[in-house]
Asker: 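Here it is, the structure, as structure tokens.
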Amino acid sequence: MKWVTITVNRNGILKRYKVPEGITVLEALEYINSNYGEGILYRASCRSGQCGSCAMTINNEPRLACKTKVEDGMLVEPLEGFNVVKDLIVDRSPYYKKTQNLQNYLVWEGDEDIPKITPKDIKEFKGVRNCIECLSCLSKCPARKFSHYPGPTFMRQLARFAFDPRDKGDREKTAYFENLHNCTTCAKCVEVCPKEIDIVHRAIERLRELAFKKGYYLKNHLTVRENILKGCRSVKKEGISLLEEIGEEYTVDREKMRVALFTGCLVDYRLHHVGRSAIRVLNAHGISVVIPKDQVCCGSPLLRTGQKDLAEKLKRKNLQVFNSLDVDGVVTVCAGCGSTLKRDYREREFQVMDITEVLDRIPIEYKPLDVKVTYHDPCHLRRGQGIYLEPRRILKRIPKLKLVEMEIADQCCGAGGGVRSGRPEVAYAIGRRKARMIYKTGADYVVTVCPFCEYHIGDTLKRFIDTGDNLEVMNIVSLLDRVV
Ligand code: SF4
Ligand code: SF4
Ligand code: FES
């Protein structure tokens, strides 16, 4: 028989045990108790991924012990984000207390007949139904950790009823007053859910849409709307825009690819240098760039805050602009724009690529740069588009550059989902932890591929760490511009 060694965190003491290879963590715990005379406490019932009781933190991520195979060096701990009762048992009562007043049943008042439910209605809310209450999503939710937010599955419960025509429970109102707008749409809850429930798109954004229609919204989100209504950009114009400043086309000889650049609001109105660097770096990789001047905001700030009506208009305009181009693809330098174009522009006739996908595909030799760099994974790039290897591969190709990973590179910076604009105190509370992680790496630069992350991380570093000029945050193209 082959053996592996796993470590169990028992009330703060790490104990190592040898267990047979190929068994589940749950079987390993049983094995330890019966063969080593230990009495490790844990919860389990169904043993088949149905009851949710065996969720624990395994190698820093929440997993079901009955569905996870042991690996050598594995660390098994109680579910993060809850008080530990003993060993692997955590106190779930705050969650149950919070949900007991939720009216977890259909609410119907008045004399009218209850409407009949149709297959279309069922399709609407089916996706949020099969939760097993493992609480994995709660354990990793940054909004729950750093603010008064009851957590993803709480919002999922509300969404179950909110779109059911037989319910009159004003679920969007409950969601609004339970801080629906504290969610950064980081999608960590989606990533860890063993039932693959897409809480962000099926619960959070839909509840926000319903709440917005009924007048429950944050004042600052209306400012974003006004900006878009005035100038088709989510931020106010300050001086000349990048699109007004630059040419329409930057071609190269012996072209390997031809792409259109989607600038996004912040690059067009604030971070012109990112747009210019993107063009130079693409050209250096042998890629010609066209820049359509009538492109507008992708609609992400509206979609994330429940303002779908206006987002549709922006989408139609962008589709008209980009569908007619003769290019190999549309390139984004913003994680939020990229994930919106890929996911929400279903009618598009063009391929969307994050700039790191393109640059990684056509590698070139870079000049050496003797610096220490850490990389921050934007949520909408890592979880929104599944891109995290590409930027790291690109950075590793720069001679002399040292890439150091921070403690949790893909932890949300706090800016997304309209939280920086609508709930800045929550964005700062989440961002503070990220700033500390970055600072601890001792890096000269923190690199990312999202202007919103760039802005917010820069701001939190100044606010909480006071790094002066010693630690600079930048888009990956700004760094690459120095080595092409
Ligand atoms: S998307 Fe992120 S912040 Fe929002 S509920 Fe899920 S884990 Fe929490
Ligand atoms: S939504 Fe998913 S992760 Fe959250 S409690 Fe339900 S099953 Fe578990
Ligand atoms: S024991 Fe029921 S989900 Fe694991």
Side-chain angles (χ1 to χ4, degrees), residues 24-30 42-58 61-69 79-82 88 90 92 95-96 98-99 127-160 175 178-208 304-305 339 378-380 382-384 408 410-420 422-423 426-427 429-431 433-434:
T24 65
V25 173
L26 182 56
E27 287 162 345
L29 293 170
E30 288 163 351
Y42 54 88
R43 276 197 190 95
S45 175
C46 71
R47 306 176 67 92
S48 59
Q50 299 303 315
C51 72
S53 60
C54 68
M56 44 191 80
T57 302
I58 299 174
E61 291 293 322
R63 312 271 292 272
L64 297 180
C66 68
K67 295 302 252 182
T68 309
K69 288 268 163 72
L79 196 62
E80 192 187 319
F82 296 88
L88 301 171
V90 295
R92 294 169 159 237
Y95 167 73
Y96 295 126
K98 191 75 204 164
T99 44
V128 288
R129 279 207 150 163
N130 49 350
C131 169
I132 54 170
E133 296 205 310
C134 65
L135 310 192
S136 294
C137 56
L138 261 65
S139 93
K140 282 289 184 183
C141 171
R144 174 178 175 265
K145 186 165 189 165
F146 296 104
S147 74
H148 293 292
Y149 174 70
T153 196
F154 183 90
M155 295 300 166
R156 181 203 57 79
Q157 291 275 34
L158 290 171
R160 257 179 81 193
E178 289 286 356
N179 293 322
L180 172 67
H181 292 88
N182 286 16
C183 162
T184 63
T185 65
C186 73
K188 187 68 191 176
C189 52
V190 185
E191 185 185 81
V192 300
C193 176
K195 291 291 164 186
E196 297 176 359
I197 301 174
D198 185 353
I199 294 182
V200 172
H201 298 105
R202 291 194 163 267
I204 305 289
E205 290 187 5
R206 300 198 64 219
L207 281 168
R208 286 181 179 179
R304 309 290 86 85
T305 56
S339 68
C379 300
H380 290 267
R382 170 131 194 172
R383 286 178 284 275
I408 316 172
D410 71 339
Q411 194 215 268
C412 177
C413 72
V419 174
R420 183 172 157 86
R423 288 275 157 85
V426 177
I430 298 173
R433 182 163 179 230
K434 188 92 220 190

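Ligands are counted one by one from 1 in listed order, and the atoms in each one are counted from 1 as well.
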Asker: Counting from 1, what ligand 1 atoms have a heavy atom of Y149 closer than 4.0 Å?
Answerer: 5 (S)
Asker: To which protein heavy atom is atom 3 (S) of ligand 1 closest, and what is the distance rounded to 0.1 Å?
Answerer: T184 N, 3.5 Å
Asker: For A55, does its backbone N or O pair with a side-chain atom of R43 as donor and acceptor, under 3.5 Å?
Answerer: no
Asker: Please answer whether the main-chain N or O of C186 pairs with a side-chain N or O of R383 as donor and acceptor at a distance below 3.5 Å.
Answerer: yes
Asker: Can you pull out the closest protein heavy atom to atom 2 (Fe) of ligand 1? Residue, atom name and distance to 0.1 Å, please.
Answerer: C186 SG, 2.3 Å
Asker: Test of understanding: with side-chain hydrogen bond (donor to acceptor under 3.5 Å, both in side chains), list the residues that count as partners of R129, not counting sequence neighbours.
Answerer: none
Asker: For atom 2 (Fe) of ligand 2, state how many protein N, O or S atoms fall inside a distance shorter than 2.8 Å.
Answerer: 1
Asker: Within the side chain of R144, is there an N or O that forms a donor-acceptor pair under 3.5 Å with the backbone of L138?
Answerer: yes
Asker: With distance as the sole test, does T99 use its side chain to make a donor-acceptor pair with the main-chain N or O of Y96 at under 3.5 Å?
Answerer: yes
Asker: Quick one, list the residues around ligand 3 where some non-hydrogen atom comes in under 4.0 Å, by chain and residue number.
Answerer: S45, C46, R47, G49, Q50, C51, G52, C54, C66
Asker: Without swapping roles, check the side chain of R202 against the backbone of A159 for a donor-acceptor pair under 3.5 Å.
Answerer: no
Asker: Under 3.5 Å, is there a donor-acceptor pair between the side chain of R208 and the main chain of L180?
Answerer: yes
Asker: By salt bridge (charged side-chain N to carboxylate O under 4.0 Å, His left out), which residues pair with E133, not counting sequence neighbours?
Answerer: none
Asker: Which ligand 1 atoms are under 4.0 Å away from a heavy-atom of C141?
Answerer: 3 (S), 5 (S), 7 (S), 8 (Fe)
Asker: Going by the atom numbers of ligand 1, which of them fall below 4.0 Å from some non-hydrogen atom of V200?
Answerer: 1 (S)
Asker: Can you check whether N182's main-chain N or O pairs, donor with acceptor, with N179's side chain at less than 3.5 Å?
Answerer: no
Asker: Treating R423 as the side-chain partner and C183 as the backbone partner, does any N or O pair qualify as donor plus acceptor under 3.5 Å?
Answerer: no
Asker: Return yes when atom NZ of K67 has more than 12 non-hydrogen atoms of other residues, nucleotides or ligands closer than 6.0 Å, and no otherwise.
Answerer: no
Asker: So if I count the atoms of ligand 1 from 1 in the order they appear, which ones are less than 4.0 Å from some heavy atom of C183?
Answerer: 1 (S), 3 (S), 4 (Fe), 5 (S)
Asker: List every atom of ligand 1 that sits less than 4.0 Å from any heavy atom of A187, numbering the atoms from 1 in the order shown and giving each element.
Answerer: 1 (S), 2 (Fe)
Asker: Look only at the side chain of K434 and the backbone of Q411, and say whether a donor-acceptor pair between them is shorter than 3.5 Å.
Answerer: yes
Asker: Is K188 salt-bridged to E191, going by a charged N under 4.0 Å from an acidic O?
Answerer: yes
Asker: In ligand 1, which numbered atoms sit nearer than 4.0 Å to a non-hydrogen atom of T185?
Answerer: 1 (S), 4 (Fe)
Asker: Could you tell me, atom by atom, which parts of ligand 2 come under 4.0 Å of a heavy atom of L135?
Answerer: 5 (S), 8 (Fe)
Asker: Do side-chain atoms of T57 reach the backbone of E80 as a donor and acceptor pair under 3.5 angstrom?
Answerer: yes
